[in-house]
There are 4 protein chains.
Amino acid sequence: MMVVMNIDATKEQIDAVIARVEANKFKVIVNPGEERTVIAVVGPNPSAIREQLMYMPGVDHTVPISRPYKIASREFIPENTVFPLDGFMIGGDEVVMIAGPCAVESRSQLLECAQAVKEAGAHALRGGAFKPRSSPYSFQGMGEEGLEILAEAREVTGLPVFTEVIAPEQVPLVAKYADVLQIGARNMQNFALLHAAGECDKPVLLKRGPSALIEELLMAAEYILSHGNRRVILCERGVRTFETSTRNTTDINAIPVLKNLTHLPVILDPSHSTGHADLVAPVARAGIAAGADGLIIEVHPNPRQALSDGGQSLTPEKFAILVRQAKGIAREVGRK
Amino acid sequence: MMVVMNIDATKEQIDAVIARVEANKFKVIVNPGEERTVIAVVGPNPSAIREQLMYMPGVDHTVPISRPYKIASREFIPENTVFPLDGFMIGGDEVVMIAGPCAVESRSQLLECAQAVKEAGAHALRGGAFKPRSSPYSFQGMGEEGLEILAEAREVTGLPVFTEVIAPEQVPLVAKYADVLQIGARNMQNFALLHAAGECDKPVLLKRGPSALIEELLMAAEYILSHGNRRVILCERGVRTFETSTRNTTDINAIPVLKNLTHLPVILDPSHSTGHADLVAPVARAGIAAGADGLIIEVHPNPRQALSDGGQSLTPEKFAILVRQAKGIAREVGRK
Amino acid sequence: MMVVMNIDATKEQIDAVIARVEANKFKVIVNPGEERTVIAVVGPNPSAIREQLMYMPGVDHTVPISRPYKIASREFIPENTVFPLDGFMIGGDEVVMIAGPCAVESRSQLLECAQAVKEAGAHALRGGAFKPRSSPYSFQGMGEEGLEILAEAREVTGLPVFTEVIAPEQVPLVAKYADVLQIGARNMQNFALLHAAGECDKPVLLKRGPSALIEELLMAAEYILSHGNRRVILCERGVRTFETSTRNTTDINAIPVLKNLTHLPVILDPSHSTGHADLVAPVARAGIAAGADGLIIEVHPNPRQALSDGGQSLTPEKFAILVRQAKGIAREVGRK
Amino acid sequence: MMVVMNIDATKEQIDAVIARVEANKFKVIVNPGEERTVIAVVGPNPSAIREQLMYMPGVDHTVPISRPYKIASREFIPENTVFPLDGFMIGGDEVVMIAGPCAVESRSQLLECAQAVKEAGAHALRGGAFKPRSSPYSFQGMGEEGLEILAEAREVTGLPVFTEVIAPEQVPLVAKYADVLQIGARNMQNFALLHAAGECDKPVLLKRGPSALIEELLMAAEYILSHGNRRVILCERGVRTFETSTRNTTDINAIPVLKNLTHLPVILDPSHSTGHADLVAPVARAGIAAGADGLIIEVHPNPRQALSDGGQSLTPEKFAILVRQAKGIAREVGRK
């Protein structure tokens with residue numbers, strides 16, 4: 001960490017900062033600049049004393065040098081994290097397609113959809129039984145009955161199931177039925193939930209919050225990793241910006257940035273990141289071209305009658321075309 | 001709700017939309033515009049069929065007309081919601097000052113601080129026992145022991161206590177000790193927590209999420225209100241923008257916008273909305289001038305040694321000056 | 001346009017709005033909703049009276065229905081605008097690669113770079129002679145001498161030249177040397193410059209402003225188009241958001257959104273939209289996969305010694321690899 | 001400037017960076033951290049070699065330490081810049097009120113308005129003769145005729161005139177009529193215009209761009225200052241965020257941040273920063289409470305019939321009330 005002093009900081013103020021740093025058992029290197037002095041704080045975890053220092057007289061600001069996450073960092077674990085789900089690997093050469101409806105609405109809807117996405121080439125099934133909805137008056141999901149239907153769809157199709165968990169005490173219940181627990185964007189900094197997911201023995205799909213920095217997404221992953229669960233998949237799903245023509249703004253930069261910073265698998269959710277069915281395919285293709293390890297896409301056998309997010313769902317036919325295009329692009333960028 | 005058709009929508013497409021609307025028992029008014037047809041959907045809760053309609057052939061987009069929240073709306077309840085806490089009213093003529101440290105760090109720190117803010121003119125004490133921290137390696141709060149210390153501080157000073165709750169299963173525990181439950185910005189859309197707070201018999205301070213629309217804050221309040229708890233206080237605490245010189249951007253516009261849209265009390269947290277101790281007083285004064293019903297401010301007897309957020313804490317001396325200025329400004333805008 | 005009345009608007013207020021609309025020679029359709037009345041204003045260009053109406057007593061807000069741009073709209077001109085530059089077409093089947101240094105720094109640098117990008121497969125050369133720089137103390141470009149060097153590079157390589165113009169009175173000078181005039185992001189709403197470019201006989205590359213809505217980009221294009229110049233190329237170059245790990249956030253959604261809304265060619269600038277050389281190739285590929293008609297990329301023979309934006313420049317070798325990948329992806333999405 | 005190396009940077013890479021820094025005549029201080037080496041670059045204007053260094057092998061990123069602006073900085077000029085306009089000082093103890101219509105629409109409208117704002121307590125008159133409008137089809141202002149009307153209003157009322165200039169070649173014309181030249185938000189980084197304003201002998205009101213960092217606003221001011229014009233007034237007028245209930249988000253934090261960083265006068269434009277007449281007064285009061293040196297406010301004798309921005313204009317009556325409130329608040333914060 002660097003402590004940048006004011007232009008007119010006095011020698012007493014500089015000495016006081018040095019004394020405080022040394023009192024905390026860190027080493028000091030003083031950089032007397034042309035305009036202002038900078039004090040380097042050397043030792044393990046200097047950010048522990050950041051807030052003490054930034055408020056001392058004569059201090060302008062502090063600059064962290066180390067990244068605040070460890071286990072999530074590619075500097076800590078250089079090799080890609082690759083792990084198996086039923087019948088395929090995630091994080092490896094193959095681009096993974098996860099598809100299904102936004103919400104489980106009924107047994108027949110889900111089984112029909114599961115069969116359709118399997119035939120179209122999906123590797124896994126998605127579908128929400130517990131739905132976080134911004135209005136208390138909207139459909140909130142089928143709950144445990146929805147989980148049972150998802151489990152039945154797995155039996156029938158062989159596709160592993162991704163589904164959302166929205167409260168810490170639900171983790172054991174959802175883990176009983178699901179193959180991968182999804183933590184939604186609005187819960188990315190629900191630390192009680194991250195903690196519970198970190199102690200669970202199922203992989204976790206962690207979605208980026210709508211205004212979360214990439215660094216904060218990695219910190220949220222660190223919560224899960226540091227509680228013992230090393231199977232975390234990161235998901236870009238669009239960020240909130242001033243642009244109003246789309247539901248969110250897909251931060252496509254985040255795909256290569258994350259692949260540089262972390263060894264964890266990174267996927268894209270073009271359904272939520274765009275919010276319009278006719279934008280899903282181009283942005284999904286962009287995700288693969290940018291290096292994503294997979295896609296999670298809303299597919300509904302009859303989007304016009306979906307109870308939630310129908311406007312951003314693909315038909316199974318359009319999804320099948322997208323699967324073919326995604327594979328073609330994956331080959332062009334050196335994957336399967 | 002209005003359904004706006006494409007410029008080249010066919011008569012068949014328009015008729016299909018009308019048929020769908022009528023099949024759902026809504027009335028239709030057709031507006032044949034110069035360029036495009038707009039179909040008005042009339043009846044209670046038309047947004048229930050919005051997602052069905054927006055995906056139909058020939059539809060360009062839909063425009064909601066009604067507000068999605070009810071109980072929170074000033075159109076529904078025109079009079080200000082005013083309710084008592086120990087010794088004062090919130091939402092009424094008097095501007096309320098809530099102050100204390102970011103986190104409870106020890107019995108002596110909290111008791112010293114509680115006494116100091118009381119003497120400086122605070123109406124209530126704030127302090128976190130459960131701390132949502134972005135890093136798993138940061139101080140996470142003292143937990144139940146912290147709650148006990150807060151309760152002791154109330155005994156000693158007579159100040160009611162505001163403290164944060166971060167998981168639904170904690171609500172009964174925190175409600176046992178606290179006078180007002182705080183739901184933090186990162187949990188504003190933790191719907192399981194909102195639901196639990198709605199069933200609790202203590203008032204709730206609900207903070208706006210860092211990228212939440214004002215409408216979404218009101219929807220989150222609606223979750224609490226619709227589960228039976230009518231004592232909700234809203235809090236602007238800054239939003240996330242591109243500007244990096246401050247921790248957040250104080251959305252001062254939100255104060256009068258919220259006072260127009262809702263009858264609930266609205267307060268400002270200038271400590272988190274700025275992130276720098278020397279900006280707290282000017283922005284706090286701005287909040288009162290803009291019509292806020294109160295302020296929640298971090299005050300620490302020794303900010304330089306605070307375990308969290310020290311850089312944005314006021315000393316008790318500076319807080320006392322601010323209390324006097326706030327009262328002066330309150331009088332200028334017709335309050336006490 | 002729709003005028004949405006307050007829930008408690010009186011009959012007199014509604015009648016006054018209707019009278020005002022009719023006094024302006026528009027037709028009125030009244031939609032008496034369940035909660036509030038909505039008044040449709042029908043006729044050409046109703047937004048001309050929007051500001052009059054939005055302030056009338058009893059009016060809650062107004063909703064525009066028509067798009068505010070005409071000539072730029074695909075509804076007005078359904079077919080793609082395709083036009084030739086020296087030796088290739090832009091807006092057609094082929095993906096166009098425009099490459100070169102950020103700034104013209106010297107004759108030898110530019111000629112070397114022009115030759116290198118030509119060999120690597122570029123269709124056109126970019127390079128700035130007038131540089132808009134945020135600091136008055138930074139290198140501001142070589143001015144007319146830079147333009148002469150660019151013209152020489154065109155003679156030598158046959159590549160048409162894209163270069164920036166930053167003031168209206170410069171337009172004739174830059175048009176004398178350049179094949180395409182570039183209007184930079186910070187000048188996207190410099191209306192005097194747009195006006196001058198609209199009267200010029202050279203094509204214009206118009207970059208999206210860092211916080212411009214897609215609709216505002218199309219309005220800026222409309223300025224040029226409405227003054228007579230129909231050869232406008234739009235360029236996404238990243239928007240400003242809260243994310244700090246990249247220079248800008250590439251709004252990849254904007255590519256298919258623009259291709260839907262307008263007939264004009266749309267290209268991507270992954271150099272500015274990411275700001276880091278190692279992110280340029282993945283994001284460039286994403287642009288092609290999302291449907292962009294071309295790419296404009298900073299390439300420098302020796303990025304480490306560039307006078308501006310070196311950190312985001314590719315070497316000619318890396319650019320050559322990217323050209324091959326871009327062509328491969330273009331084929332996968334049905335282009336050349 | 002600090003050059004932060006990668007965790008696995010080799011000794012050769014570190015030595016190469018040191019050699020490059022020294023070759024550029026800067027001094028080097030090496031900080032061997034626990035995790036990564038940081039190299040301090042010491043000497044005047046080290047950012048001149050930033051782009052060279054950030055791209056060298058083994059470099060993670062660079063951190064500037066000095067501020068990029070000089071003359072605008074309070075570190076450079078500690079005393080407030082205070083200068084006279086006709087009859088009052090700006091930047092001093094008194095809070096200055098600048099008021100008038102968005103655009104000059106006619107002689108009678110302007111003269112009526114000028115008289116009304118004078119009677120209500122305004123110090124100066126605002127009004128646009130050249131209007132930058134996002135649509136080419138909107139009213140673009142009366143041009144030089146508007147300037148003549150403004151000059152006549154000054155004769156009649158004695159109020160100095162603030163009016164906008166939108167192109168560099170207009171500067172002499174506008175300076176002939178106006179007392180203060182306004183540079184609008186969309187032109188904040190129109191460097192040709194800043195340059196021209198810097199060579200003009202009239203004070204300049206510089207508005208912050210809708211997505212400009214506070215630092216960028218100060219850099220834009222530096223353009224004007226460094227070309228010789230030291231009479232610059234800064235204006236916060238709202239920034240663009242995700243929030244849609246207001247036209248812009250007033251960055252109230254910017255007022256005290258700017259007062260800390262610079263000696264230049266800082267005013268607030270609550271009309272554009274909110275976009276709604278009923279929000280102007282509360283946000284205007286907030287600006288004064290936060291320390292602004294003045295306000296610039298749209299006032300129109302008949303807002304409902306204004307040709308532009310009518311919805312955000314105050315009536316003269318409401319403006320008069322606001323003037324009284326603003327003075328009361330100014331006294332509470334120790335001003336006149």
Side-chain angles (χ1 to χ4, degrees), chain B residues 67 208-218 236 238-261 268 270 273-276 278-292 321 324-334, chain D residues 67 208-218 236 238-261 268 270 273-276 278-292 321 324-334:
Chain B
R67 302 220 161 83
R208 182 181 182 186
S211 67
L213 296 170
I214 289 173
E215 183 173 290
E216 290 169 337
L217 172 59
L218 290 168
E236 164 64 29
V239 292
R240 179 160 271 182
T241 70
F242 60 86
E243 177 57 49
T244 53
S245 70
T246 49
R247 180 166 174 169
N248 289 291
T249 297
T250 308
D251 182 2
I252 197 77
N253 293 358
I255 306 290
V257 169
L258 282 168
K259 294 300 293 178
N260 286 350
L261 292 177
L268 175 66
S273 80
T274 65
H276 295 281
D278 58 351
L279 303 177
V280 169
V283 172
R285 295 190 305 248
I288 301 303
I321 296 168
R324 285 194 296 276
Q325 291 179 317
K327 284 184 181 170
I329 293 171
R331 277 189 303 269
E332 294 292 331
V333 297
Chain D
R67 302 220 162 83
R208 180 181 183 186
S211 66
L213 295 170
I214 288 172
E215 184 173 288
E216 290 169 338
L217 172 60
L218 290 167
E236 163 67 26
V239 293
R240 179 162 271 183
T241 70
F242 61 85
E243 178 58 48
T244 53
S245 69
T246 49
R247 180 166 173 170
N248 290 291
T249 296
T250 309
D251 182 3
I252 196 78
N253 294 357
I255 304 290
V257 169
L258 283 167
K259 293 301 294 178
N260 287 349
L261 292 177
L268 175 66
S273 80
T274 65
H276 294 282
D278 58 351
L279 304 177
V280 169
V283 172
R285 296 190 305 246
I288 300 304
I321 296 169
R324 286 195 295 277
Q325 291 180 318
K327 285 186 180 170
I329 293 172
R331 278 190 302 269
E332 294 292 331
V333 298

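Each chain gets a letter, A, B and so on, in the order its sequence line appears, and its residues count up from 1.
In this view, D:E216 and C:R240, D:M188, D:Q189, D:A212, D:L213 satisfy the side-chain contact (heavy atoms from CB on, under 4.5 Å) rule, not counting sequence neighbours.
In this structure, chain D has heavy atoms under 4.5 Å from both the backbone and the side chain of B:T274. Using a 4.5 Å cut-off between heavy atoms, D:T246 touches chain B through its side chain atoms alone. Interface remark: D:T249 contributes backbone and side-chain atoms alike to the contact with chain B (heavy atom separation under 4.5 Å). Both the backbone and the side chain of B:S211 come within contact range of chain D, each with at least one heavy atom under 4.5 Å from a heavy atom of that chain. Contact annotation for D:N248: only backbone heavy atoms (N, CA, C, O) come within less than 4.5 Å of a heavy atom of chain B.
Taking CD1 of D:I329 as the reference point, atom CD1 of B:I288 lies at 10.5 Å (rounded to 0.5 Å). Taking CG from B:L217 and CD from D:E243, the interatomic distance works out to 9.5 Å, rounded to the nearest 0.5 Å. To the nearest 0.5 Å, atom CG of residue D:N253 and atom CZ of residue B:R247 are 12.5 Å apart. Separating the CG atom in B:D251 from the OG atom in D:S245 is a distance of 7.0 Å, to the nearest 0.5 Å.
Of the listed residues (D:V257, D:I255, D:I252), just one forms a side-chain contact (heavy atoms from CB on, under 4.5 Å) with B:L279, and that residue is D:V257.
A heavy-atom distance below 4.5 Å is found between the side chains of D:V333 and B:R285.
The candidate from B:P256, B:S273, B:A284, B:G238 with the greatest count of non-hydrogen atom pairs under 4.5 Å with chain D is B:P256.
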